[in-house]
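Below is one structure, written out as structure tokens; the observations come after it.
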Amino acid sequence: MTKGQQIIQQWYRQKNWQQFAFQREMEAAYLSGYSGLLNAPTGSGKTFALFLPFLAGFINKYPDTYTTQKNNGLLMLWITPLRALTNDIRKAMQEACDEIGLPWHIATRTGDTPAAEKQALKKKLPEVLLTTPESLHLMLAQKEYPKMFGNLQIVVIDEWHELLGTKRGVQVELGLSKLKALSVGIGVRDAGNEEYGLDENKNTIIDHPPRTTHHAPRSPESRTPLKIWGISATIGNLEQAAEVLLGNDFPSEKIKMIRANLEKKLDIRSIIPDNVENYSWAGHIGLKLLPQVMEIVARSKTTLIFTNTRSQSEIWYHAILDNYPEYAGIMAMHHGSLDNELRNWVEQALHAEALKVVVCTSSLDLGVDFRPVDTVIQVGSPKGVARFMQRAGRSGHHPGAVSKAYFVPTHSLELLEGAALKAAIKKGIFESRDPMLLTMDVLIQYMVTLAVSDGFRANELFNEIKSTYAFADITRNEFDQLLDFITSGGKTLAQYDEFLKVEVENGLYKVNSRRVAMRHRLSIGTITSELSVRVKWLSGGSLGTIEESFISKLKPGNTFWFAGRSLEFIRVKEMTAYVKKSNSTKGIIPSWNGGRMPLSSQLAAVFRDKLDEVAHGVEKDEEVIALKPLFNLQQELSHLPQSNEFLIESFKSREGHHLLFYPFEGRLVHEGMASLLAFRISKIKPASFSIAMNDYGFELLTDDDIPIEEILEDAGFFSIDNLLDDIQHSLNANEMARRRFRDIAHIGGLVFTGYPGQQVKNRHLQASTSLLFEVFSEYEPNNLLVRQAYNEALAFQLEEFRLRAALQRIATQNIILKVIERPTPFAFPIMVDSLGRERLTTETLEERIAKMARSYGAEGVAEPAERRNRKPGITRKKGF
DNA sequence: GACCTGCTGCGGTGTG
């Protein structure tokens, strides 16, 4: 056993920790020089599984000197997606070093780090640096960055599954390609120099001449000595995750996948309403089950209640306070629009076990490690298996403990998702994270980043980025277009100085303007967000942020609920809304505009399986048994589709002709499919439709009578032939792309969002990105960024891939057309979904649903309920 | 400018 390994063993004994098999495996792999991916859940000691072997490696290499004070320079770079994680992990690592007697300095460098500390880091590097992808790029935007990373031994990308599939992930890929390239050059030069980096007389990091030209092209013999390790939770495509992380040039014999295979005991239960028949058929808040939820909370020590939206957590918090006032003081709320100070306080209080319950959104998905929580409650569909697993895993956090998680349906049919979730987890089905490809905006940003610091040479950079997974397929022609774009503004913008950022001197692409450099550093990153209004007490102190559009609808004196308090609105000044405490118990709760998460395709598939079981009379799940009356009614009024059947319901009311389709494929696909089918119908019979949808199906409503039997006979109705063409005609693809383009323009640096604290007005940004989009579309139709905008719209807004798969599935199914008398349990939630929900409504949704139920119930098909705010579908009148 | 229920995440200046 080596000295390093001995020290590790001793450390585990001292800590009285069990060393798991995967940790030993990890140790062996690391010490034999492998890179790869560690698949381990949080709470399994994954940090030490990587950190200790790294220490052991160092101690093995320098067994006699490691205890004396040395200036090693940066040896390990640890990247996490969350600022907060860097601090927790740093503490743990520092403790380990102190205990072993290694006089190392472990530092963090994020947006939180004070400027003075950042300066100090430049002068004297720590041995281990914990940072974020954005901060890594900021470091790459500093002069002489190659020095900083010259002695780097290992890069760890923590929570890689969180980054993979996003533009932040692409940013990491690009950063790694540079670190690898640096290490190749240095590795070659350094061969045979064991004392490298250990010069105690000098306070410089490494002693080698500044690099004027960059590394030589890679040859197979000079493969990178740098080790790269990712840490990822379980996802559907772990192998691919490793490929993306390591890039195309990594020798496969140097790659290992280590799986923790720690069986986490999960105890999942659905909360079943006492009487499903009386439970809401529609809705998404779920407060009817509050008493049952609070019983569980009372029985548990600490509970996290996860909700799907920020306003939902406000509503639940409020309801608990109203009905269970004894929880005041031991309950808290946590979501992304609350002030950071408040959120930090909540996290601390959780840690100190001072809270009994926290109502939260996915803001607590990560970063609650080491906090004792014994029960997790999920209100509403988690929309994905992995997301639910992750949340469930937040409870019973020590190894070996059982995770207890409850699922609270917010409407009856959602209860079947509980059964689907359990089945999916049992079968080990997980969602994949698809890596993003050819994101030119991120590449442009990166190119300018390099130009801002030491400059780059085109051929070298091209080879480097070709080694990444994201840009493996980029052509030289495309790359040249980007070069042209950053140096001359491309074909279209050449006459505007503003876009001429990079200059070429002797083949070196470089930014010489300090102003350009500064502005660029200010806008590094791939996260774009809506402009929001800060909410502040008149007396000072911030509560959080809400959307401009919400505030603009308030008049001074109005009360609203936010951050769990009743507030009186005073005035808005410079993007800040001033409020004071109100005693009114009534108030509107703000809602925020956010992403629209559809049911994942994996969970949707298991849901369809469950439905098939139901149709075949299989009754083994408690959820299915409870839902029996509902399914019976569905069968009675219409039909329960088996997996080889596709149900369509046709129904006439005074409102018009309703057509209901049930692909069970998630709302984004339904939105696209609804528009597509509306278009295809209108080609046969001109008509104008309005569209409503949820995660289970969609509705087409028209004034005209549609000969649906006839239409269904047309083989082309569900066909994927001419799909793209029909989509182009049926949806406003232009508008969708324009919206995507706004973010792309931000990331690519085409618009400047302003200096911190003095943001450019949103309106202006909107106008300028819109203008750019138009100019490009007109004069440069093959512009790479415009092309990207269309591709992103197709892939993420329309989920074209899933849409295609769904159509292909439907083509193999038997179509069951049912003419129904009144809305079925399947139809009802979709029709309710189309009732507008304005932000400032006085009538609660519950009342509206009751009204709608009355209007359709006893009197049969009576006066239709108010149907505002429907999504305008295609308008194609006769004679078009 | 569009959303109508809808999450999360990062970064941060100058000049005389």
Side-chain angles (χ1 to χ4, degrees), chain A residues 80-86 109-113 115 118 131-138 141 159 162-163 166-169 171 282-285 306-313 315 334-337 360-367 380-384 387 390-391 410 514-515 517-531 547-550 589-598 667-668 692 694-695 732 735-736 738-739 742 747 752-759 762-767 769-770 832-841 845 868-872:
Chain A
T80 77
L82 244 65
R83 268 195 310 235
L85 288 177
T86 60
R109 192 239 180 268
T110 66
D112 279 346
T113 313
K118 282 179 195 161
T131 191
T132 56
E134 287 78 7
S135 288
L136 169 62
H137 278 251
L138 279 161
E159 312 277 1
E162 284 288 325
L163 295 165
T166 69
K167 288 185 183 178
R168 296 182 83 195
Q171 221 175 1
H284 66 276
I285 299 295
F306 279 102
T307 61
N308 280 341
T309 72
R310 284 165 279 187
S311 63
Q312 195 179 7
S313 63
I315 292 168
H334 196 283
H335 65 66
S337 289
C360 60
T361 62
S362 43
S363 57
L364 276 187
D365 263 357
L366 287 175
S381 166
K383 308 280 185 194
R387 189 180 289 114
Q390 177 156 41
R391 290 178 181 176
T410 55
R514 291 185 60 179
R515 182 168 166 274
M518 183 190 78
R519 280 179 162 221
H520 180 74
R521 287 200 193 95
L522 278 171
S523 52
I524 279 179
T526 59
I527 300 171
T528 56
S529 46
E530 295 287 324
L531 202 57
E547 287 187 2
E548 205 179 0
S549 56
F550 176 78
I589 292 179
S591 73
W592 290 261
N593 244 330
R596 300 154 72 215
M597 300 165 290
R667 58 176 300 133
L668 294 183
N694 66 10
D695 275 323
N732 200 345
E735 196 47 49
M736 284 163 66
R738 183 194 301 269
R739 281 192 64 74
R742 193 182 68 160
I747 296 167
F752 182 58
T753 41
Y755 293 101
Q758 36 182 320
Q759 249 90 34
N762 236 15
R763 238 178 293 286
H764 300 164
L765 281 181
Q766 184 64 43
T769 57
S770 207
V832 168
D833 216 48
S834 67
L835 294 175
R837 271 166 240 165
E838 289 131 302
R839 291 192 183 173
L840 302 178
T841 178
L845 181 67
R868 273 181 276 174
N869 293 335
R870 276 188 159 251
K871 280 191 175 297

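Throughout, a chain's letter reflects where its sequence line sits, starting with A, and its residues are numbered from 1.
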Which of the following nucleotides, B:dT8, B:dT13, B:dG12, is nearest to the side chain of A:Met518? B:dT13

Do A:Trp592 and A:Thr309 come close enough that some side-chain heavy atom pair is under 4.5 Å? no

Integer-rounded Å distance: B:dC7 P and A:Phe306 CZ: 15 Å

Below the 4.0 Å mark, does B:dC10 have OP1 or OP2 next to a side-chain nitrogen or oxygen of A:Ser135? no

Using a heavy-atom cut-off of 4.0 Å across all strands, would you classify A:Leu163 as base, sugar-phosphate, or nothing? nothing

Distance, P atom - from B:dG12 to B:dT8, rounded to whole angstrom: 22 Å

Could you say whether A:Ser363 or A:Arg739 is positioned toward the 5' end of DNA chain B, judged by the nucleotide with the nearest heavy atom to each? A:Arg739

Determine if the base of B:dT8 is syn or anti; take syn to mean the glycosidic torsion is within 90° of 0. anti

Interatomic distance where CZ belongs to A:Arg391 and P belongs to B:dT8 [whole Å]: 9 Å

Minimum-distance nucleotide (side-chain atoms of A:Lys118 versus B:dG11, B:dT8, B:dG12): B:dG12

C1' atom, B:dA2 versus B:dG6: distance in rounded Å? 15 Å

Across the strands shown, which category fits A:Gln312 at heavy-atom distances under 4.0 angstrom: base, sugar-phosphate, nothing? nothing

Does A:His334 offer a backbone N or O that forms a donor-acceptor pair with the side chain of A:Ser363 under 3.5 Å? yes

Selection from B:dC10, B:dG6, B:dG9 that lies nearest to any side-chain heavy atom of A:Arg667: B:dG6

Whole-Å gap separating C1' (B:dG12) and CZ (A:Arg521): 12 Å

Among B:dG12, B:dG6, B:dC7, find the nucleotide with the atom closest to the side chain of A:Lys383. B:dG6

Among B:dC3, B:dC10, B:dC7, which nucleotide has an atom closest to any side-chain atom of A:Thr132? B:dC10

Would A:Arg742 and A:Thr528 count as a side chain to side chain contact (heavy atoms under 4.5 Å, CB included) here? Give the steps. CA-CA 9 Å; A:Arg742 193 182 68 160; A:Thr528 56; 5.9 Å; no

I need the CZ-C1' distance between A:Arg168 and B:dC7, as an integer number of Å. 14 Å

Would you indicate which nucleotide in B:dA2, B:dG11, B:dG12 comes nearest to any side-chain atom of A:Leu522? B:dG12

Side chains of A:Pro133 and A:Leu163 in contact at under 4.5 Å (non-hydrogen atoms): yes

Is there a donor and acceptor pair, one atom on the side chain of A:Thr361 and one on the base of B:dC7, closer than 3.5 Å? no

Between atom CZ in A:Arg742 and atom C1' in B:dG1, what is the gap in whole Å? 8 Å

Reckon A:Thr526 touches a base, only the sugar-phosphate, or nothing at all at heavy-atom distances under 4.0 Å? nothing

Could you check whether A:Arg738 gets within reach of a base, just the sugar-phosphate, or nothing at all, counting any heavy atom under 4.0 Å? nothing

Could you tell me if the side chain of A:Pro81 sits less than 4.5 Å from the side chain of A:Arg168, heavy atoms only? yes

Separation between the C1' atoms of B:dC3 and B:dC7, rounded to whole Å: 16 Å

A:His284 side chain: which of B:dT5, B:dT15, B:dC4 is closest? B:dT5

Taking atom P of B:dT5 as reference, at what distance in whole Å does atom CD1 of A:Ile285 sit? 10 Å

What nucleic acid atoms does A:His335 come within less than 4.0 Å of, heavy atoms only: base, sugar-phosphate, or nothing? sugar-phosphate

Candidate nucleotides B:dG1, B:dG9, B:dG6, ranked by approach to the side chain of A:Asp695 - the nearest: B:dG6

Could you verify whether a donor N or O on one side chain and an acceptor N or O on the other, from A:Arg83 and A:Thr132, lie under 3.5 Å apart? no

Selected nucleotide, minimal atom distance to A:Ser591 side chain, candidates B:dT8, B:dA2, B:dG6: B:dG6

Rounded to the nearest Å, what distance is computed from the CD1 atom of residue A:Ile527 to the P atom of nucleotide B:dC10? 6 Å

Taking the side chain as everything from C-beta on, heavy atoms only, tell me whether A:Glu162 gets closer than 4.5 Å to A:Asp365. no

Can a side chain N or O of A:Arg310 be found less than 4.0 Å away from OP1 or OP2 on B:dC7? yes

Got a sec, which residues hit salt bridge (charged side-chain N to carboxylate O under 4.0 Å, His left out) with A:Arg521, two or more places apart in sequence or on another chain? none

Which part of the nucleic acid, if any, lies within reach of A:Arg515 when heavy atoms closer than 4.0 Å are counted: base, sugar-phosphate only, or nothing? nothing

Please state whether the phosphate of B:dT13, meaning OP1 or OP2, lies under 4.0 angstrom from any side-chain nitrogen or oxygen of A:Arg514. no

Using the P atom as the point on both nucleotides, what is the distance between B:dT13 and B:dG9, in whole Å? 22 Å

Base, sugar-phosphate, or nothing for A:Thr166, non-hydrogen atoms under 4.0 angstrom? nothing

Can you tell me how far P of B:dC7 sits from CD of A:Glu162, to the nearest Å? 16 Å

